[in-house]
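To keep things clear, I will list the structure first and then write my remarks on it.
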Number of protein chains: 2
Amino acid sequence: MKTSPTRQQIINAADELFYAQGFGETSFADIAKAVSISRGNFYYHFRTKDEILNAVIEKRLSDRETLLRTWDEMSEDPASRVACFVRILIVNQTKIIAYGCPVGTLTTELAKLDHDAKHKANGIMALFRDWLTGQFRDLGCGAEAEAHALHVLGWSQGVATLAQTFKDEAYVAREVDQILAWVDRVSQKTRPS
Amino acid sequence: MKTSPTRQQIINAADELFYAQGFGETSFADIAKAVSISRGNFYYHFRTKDEILNAVIEKRLSDRETLLRTWDEMSEDPASRVACFVRILIVNQTKIIAYGCPVGTLTTELAKLDHDAKHKANGIMALFRDWLTGQFRDLGCGAEAEAHALHVLGWSQGVATLAQTFKDEAYVAREVDQILAWVDRVSQKTRPS
DNA sequence: GTCTATATAGTGATAGAC
DNA sequence: GTCTATCACTATATAGAC
């Protein structure tokens, strides 16, 4: 797992560019320019475009795993952990309004390209689903835990999509409040305090 | 508004291909091949790629306007009209699982490309929003009508996104039921029968 | 590790014959 | 209206000098 500084720079730049422009529309030249290296040098670090896509997906997956672990350690209450997840719609609002959800837009694009890496990208969405499922299970939702997880995940994805289309911050705030209220309702149904 | 048969064929093929592969990844060669004409002939009908994108967006917009009008004429009850809208997630399930929502994925892609036509594409989403707003207004939701419209629209977009990612028909069915139940609740709150 | 040059294939787009 | 031939450009990718 040796990562040279240049390699890491390339991954970071590609991550940003794939998010802002999409994978298909980002060329090696774009990435090389962002890192201020030549196209030729680029190929020393990554032989193919698929190779760098894979590296970007792995970085994103790893970043999200770290984030989820942080939330796991931050609170003992599953409901407030889920709330952390939902609130990324607010925290990352500016970028989401500009480019949508980094995970949702990538999975959508790779599915259309029918790219080999699409299953790997879907894995990030699955990570969210499984983590959320765990939280709802801890809340005592039992067999409904995964359905609840998908509900929150899908709802968030929809908010991200419309946020990008209509650039409406009030809408985002409203929906986030509604999701949080829904989580509270579920939480109080299973553990009436 | 003269539309030659070939021109119409091209628009239909481009519509399908833009949906299945995305706009950026669809070449003139792809479209020409689908219609069985030469690339050269293609340029007789459309001078630029933007021109055909515009034609496709206009077709999609027009198709949706027709669909909404059909629903308007089909029922007097705004709640069941909204139900028609939500149920397209079931009706078009196979394609949505394969390619996502034709409207949502196009707006997302054009936003990333920062393409001139992005506002035009957003207009289709706005058409849905405004039509839904009208239905909720007819339901007596007053000032909340547009918020309700965006709620249903965003929710549906999220379901489409996850449907494509996880290919889970049971999830789609479950969420559609939940949206319909939500609409019923809103409807009964304003007009308790 | 980084560069310049180059090979190869595909893209959007044009010209002109039929 | 449809075709073939062609142009200019950009893309991924490689070879080899430094």
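We use all heavy atoms of the structure for the numbers below, so side chains are in, but hydrogens, waters and symmetry mates are not. Quantities reported herein were computed from a predicted structural model and do not represent experimental measurements. Sequence lines set the chain letters: A, B, ... in the order given, protein chains first and strands last, and positions in each chain run from 1.
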B/H45 side chain, from C-beta outward: closest of D/dT2, C/dT11, D/dA13:
D/dT2

Expressed in angstrom and rounded to an integer, what is the separation of B/Q8 atom CD from D/dG1 atom C1'?
17 Å

Rounded to whole Å, please give me the gap between NE2 in B/H115 and P in C/dG12.
11 Å

Within one Ile-Leu-Val-Met-Phe-Trp-Tyr cluster: A/L110 and B/I97, side-chain cutoff 4.5 Å:
no

Whole-Å distance, A/K33 NZ to D/dA11 C1', equals 16 Å

Side chain of B/F28 only, please: which of C/dT11, C/dG1, C/dG12 is the nearest?
C/dG12

I need the CD-P distance between A/Q21 and D/dA11, as an integer number of Å.
11 Å

Distance, rounded to the nearest Å, where A/D50 contributes CG and D/dA13 contributes C1':
12 Å

Going hydrophobic residue to hydrophobic residue with side-chain gaps under 4.5 angstrom, can you get from A/L153 over to A/I88?
yes

Residue-phosphate contact under 4.0 Å: A/Y44 side-chain N/O, C/dG1 OP1/OP2
yes

Which whole-number value in Å describes the distance from B/F42 CZ to D/dT2 C1'?
14 Å

Measure the distance from CZ on A/F46 to P on C/dT2 and round it to the nearest whole Å.
12 Å

Would you say the side-chain atoms of A/K112 pair up with the backbone N or O of B/Y99, donor to acceptor, closer than 3.5 Å?
yes

Once you apply a heavy-atom cut-off of 4.0 Å, does B/Y43 come out as touching a base, just sugar-phosphate, or nothing?
base

Shortest side-chain distance from A/S38, nucleotide among C/dG12, D/dT4, C/dC3:
C/dC3

Starting at CD1 of A/I37 and ending at P of D/dC18, how long is that distance when rounded to a whole Å?
21 Å

Would you please test A/H151 and B/Y171 for ring pair (Phe, Tyr, Trp, His ring centres under 6.0 Å) and show each step?
CA-CA 9 Å; A/H151 181 63; B/Y171 160 73; 8.6 Å; no

So what does B/S27 touch, heavy atoms closer than 4.0 Å: a base, only the sugar-phosphate, or nothing?
sugar-phosphate

Nearest to the side chain of A/N41 - C/dT2, C/dA13, D/dG1?
C/dT2

